[in-house]
Structures are given as C-alpha cells and as structure tokens.
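Shown next, in structure tokens, is the structure this report addresses.
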Amino acid sequence: MKIFLEAHPPFSLAPVVWSHGWAQLAPFATEDRSGKFSYVFHLSSGKTGEMTIHEIESGVSVEVDDSLSQSEVWEISQNVKWMLGLDQDLSEFYLAARNEPSLAHVEERRQGRILRSPTLFEDVIKTILTTNTLWAATIRMNKNVVDQFGSALAKDPSRHAFPNPEQLAMTSIEILRSSTRLGYRAPYILELAKRVASGDLDLEAYKTTDLPTPELRKHLLGIKGVGSYAAANLLMILGRYDYLPVDSWAMRMVSQEWYQGEPIGRAEVENAFERWGKWKGLAYWFWNWSSN
DNA sequence: GGTAGACCTGGACGC
DNA sequence: GCGTCCAGGTCTACC
C-alpha cells in the first residue's frame with residue numbers, strides 16, 4: 001500500500017534526511033544519498049512494521065504493508081508528517097537568508113527542515129546518547145538500545161523498532177550499563193523511560209505546547225542528562241530556533257570564522273548569531289562555514 | 001552565577 | 001597485549 005503525503009513547498013526529501021545524523025541511527029536505514037529511507041515503526045496498536053519513504057513531485061510516498069487498518073494508516077501519516085516537517089512554512093527564514101551570503105544557498109537547496117523521530121521520547125534518548133561521546137559511540141549505543149529492547153520486525157527479525165517507554169522502563173541500570181554500554185547515561189535513560197511510562201512526564205505534549213520557548217527549555221533542562229546543548233538541540237527538533245546547541249564543534253567553527261582560531265567560549269558563539277533572533281538556530285545549523 | 005572534578009567509553013598511541 | 005591519554009556534555013558540590 002502507498003500513502004501519498006503533500007509537503008508545504010518548497011520541499012526536497014534529501015536535505016531533510018541529511019539535515020543531521022539521525023538517518024544513520026536505527027531504526028532509520030538509508031541505501032544512498034537520494035533521501036529514500038526506511039524506518040521500522042511500532043504503532044500504538046502494538047503492530048510492528050516497516051515503511052519506505054521516497055520523494056514524489058508534491059511531497060512523499062510512504063510504502064507500507066497492505067494489512068494495516070485505517071487508524072494505523074492515519075497514525076503512520078501523522079508520524080511521517082512530523083518526522084519530515086511536511087507542514088512547515090520556512091518562507092520567513094528564506095526571506096531573511098537571501099541577504100546573507102553564507103545562507104544564500106538554503107532556499108535553493110530547500111534546506112531548513114530537520115529530520116525527527118516519530119516521538120519526542122525517541123529524540124530525547126538519541127540526543128542524550130550524542131552527549132559527551134563520539135558519533136561512532138552514539139551509533140553503537142543507539143543500536144544496542146534498539147536491538148535489545150525494541151520489537152522485532154517479523155519479516156526480518158534482525159531489525160527492530162525503537163523501544164517505547166514501557167519496554168525500556170522494564171530493564172535495569174545494571175543491564176543498561178553492562179549490556180547496552182550506556183555508561184553513566186544508564187540511570188538517566190531508565191529514569192526518563194519510567195517517568196514517561198508512568199505518565200509523570202508527557203513529552204509528546206511538548207510538540208504542540210503554547211509554552212514560551214524559555215519555559216519549554218526549563219522543562220527540557222529538568223530531564224536528567226539534558227543540559228544546555230541537548231536542550232537547544234531538542235528545541236530545534238521542536239521547531240524552536242532561538243537557542244543554539246553550542247558544542248565543541250560550534251566553538252571551533254565560530255572561532256575559525258570570526259576569531260582567527262583563538263579559543264572562545266559559549267558567549268562568543270551566541271553573539272555571532274544573535275542578530276538572527278528566532279531563526280538563530282537555523283542560521284547556525286545551515287551556515288556555510290568557510291573552514292568546513 | 002561561576003568553576004572544578006567526576007562520570008564513562010572506545011579509539012589512538014607508545015611501549 | 002597492555003597501559004595511558006584524550007575527547008565529548010552534564011551533574012554535583014562548592015565557593
């Protein structure tokens with residue numbers, strides 16, 4: 001079965017899929033740089049399956065199993081719309097970017113959307129797994145989480161969906177440390193899974209909340225393992241671009257761009273993009289670094 | 001509010 | 001093969 005979903009123009013699939021590293025993390029799987037990808041899902045009905053997404057003229061086509069019910073198809077459609085930001089209108093950002101040579105490419109390349117997971121729960125865990133480690137270790141830790149706790153795909157049991165909070169909440173810190181190799185992050189991940197599974201924390205409500213961004217940021221910082229970098233990263237995923245995910249790479253890039261390679265701090269990175277206001281995060285994310 | 005040290009893993013390197 | 005060093009953000013204790 002194929003589901004056709006329209007995107008707010010301009011849209012191109014590849015720039016979304018490769019907007020950051022998420023496409024390299026299970027249960028995403030890509031074959032090439034075209035943007036076509038597959039994702040193993042686990043629906044609220046309990047069904048596990050695979051969807052394959054590729055670009056069509058007006059948006060995307062989502063290929064799924066024929067046996068899905070109407071409500072399951074609706075759930076998948078909603079998930080894909082969120083994952084790819086199909087409804088996002090970035091015309092205001094494009095207008096501002098036209099006068100900046102280092103951002104003049106974004107409209108032509110249809111950049112600006114950032115790939116998301118279907119749930120914020122998955123994105124928070126993935127974000128915590130990116131902190132204080134190398135990218136190769138993030139890929140490994142995430143794969144362990146998916147393979148050890150996610151539901152297996154019937155047609156290919158070597159592939160799994162991302163575990164839901166209930167599945168993850170049943171494990172222990174010891175297993176997350178020794179078997180999943182999450183290190184000091186193990187208690188953070190388990191606490192998060194338990195809070196979401198118990199209903200104490202409604203992460204998915206943050207997708208549509210009217211809370212001002214500084215308030216939303218405070219909520220995110222209240223999650224153990226989420227500091228200023230992770231919070232800014234999650235705000236970007238939520239479509240709030242007024243904070244910068246400043247990490248060591250950002251400080252290196254800004255230093256080389258404007259400070260002749262001198263050591264700088266967080267404040268200098270913030271200052272460099274202050275004039276972009278509510279588009280600060282996107283300007284930083286898609287900046288054409290002269291030294292990159 | 002700012003700072004120092006601990007947290008943990010795996011890759012790189014020297015022996 | 002073994003030991004040491006290092007990179008990477010966040011948390012906690014302390015000032």
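These numbers were taken from a predicted model, which means no experiment stands behind them. Reminder, nothing fancy here: chain letters follow the sequence lines and each chain counts from 1.
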Between [N] atom [atom2] and [X] atom [atom1], what is the distance in whole Å?
X: A:N132; N: C:dA7; atom1: CG; atom2: P; value: 12 Å
X: A:Y229; N: C:dA7; atom1: OH; atom2: P; value: 18 Å
X: A:R217; N: C:dT10; atom1: CZ; atom2: C1'; value: 13 Å
X: A:W249; N: C:dG8; atom1: CH2; atom2: P; value: 13 Å
X: A:E191; N: C:dC11; atom1: CD; atom2: C1'; value: 12 Å
X: A:K224; N: C:dG9; atom1: NZ; atom2: C1'; value: 16 Å
X: A:L192; N: C:dC11; atom1: CG; atom2: P; value: 12 Å
X: A:L182; N: C:dC11; atom1: CG; atom2: P; value: 16 Å

Would you indicate what [X] reaches in the nucleic acid, counting non-hydrogen atoms under 4.0 angstrom: base, sugar-phosphate, or nothing?
X: A:T130; value: nothing
X: A:I223; value: sugar-phosphate
X: A:T133; value: base
X: A:A136; value: nothing

Item to check | Nucleotide range of DNA chain B lying under 4.0 Å from chain A heavy atoms | outcome: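 Going 5' to 3' along DNA chain B, contacts run B:dC7 to B:dG11.
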
Next on the checklist: Looking only at the aromatic ring of each residue, does the gap between the centers of A:F286 and A:W276 stay below 6.0 angstrom?
Outcome noted: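 Not close enough - the centres of the two rings lie 6.0 Å or further apart.
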
Would the distance check show the side chain of [X] and the main-chain N or O of [Y] forming a donor-acceptor pair, the cut-off being under 3.5 Å?
X: A:D200; Y: A:R195; result: no
X: A:Q167; Y: A:N164; result: yes
X: A:N142; Y: A:A26; result: yes
X: A:E204; Y: A:L120; result: yes
X: A:R113; Y: A:G85; result: yes

Next on the checklist: Just to verify, which of A:W22, A:F28, A:F162 counts as forming a ring pair (Phe, Tyr, Trp, His ring centres under 6.0 Å) with A:Y39?
Outcome noted: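 Between A:Y39 and the candidates, ring pair (Phe, Tyr, Trp, His ring centres under 6.0 Å) is satisfied uniquely by A:F28.
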
Next on the checklist: Taking 4.0 Å as the cut-off, does a side-chain nitrogen or oxygen of A:T131 come that near to OP1 or OP2 on C:dG8?
Outcome noted: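 Negative; the distance criterion is not met.
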
Checklist entry - Between the two end axes of the helix from B:dG1-C:dC15 to B:dC15-C:dG1, each built from 5 base pairs, what angle do you get to the nearest 10°? => result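 The angle, to the nearest 10 degrees, is 30°.
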
Next on the checklist: By nearest atom, which of the nucleotides C:dG9, C:dC11, C:dG8 is closest to the A:Y184 side chain?
Outcome noted: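 Nearest to the side chain of A:Y184 among the choices is C:dG9.
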
Checklist entry - Just by distance, with hydrogens left out, do A:N132 and A:Y184 show a side-chain donor and acceptor under 3.5 Å apart? => result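 Present: a donor and an acceptor within the cut-off.
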
Next on the checklist: For a ring-ring contact (aromatic ring centres under 6.0 Å, His included) check, start with the C-alpha distance between A:F273 and A:W287, then their side-chain angles and the critical distance, and finish with the verdict.
Outcome noted: CA-CA 10 Å; A:F273 287 93; A:W287 195 262; 5.3 Å; yes

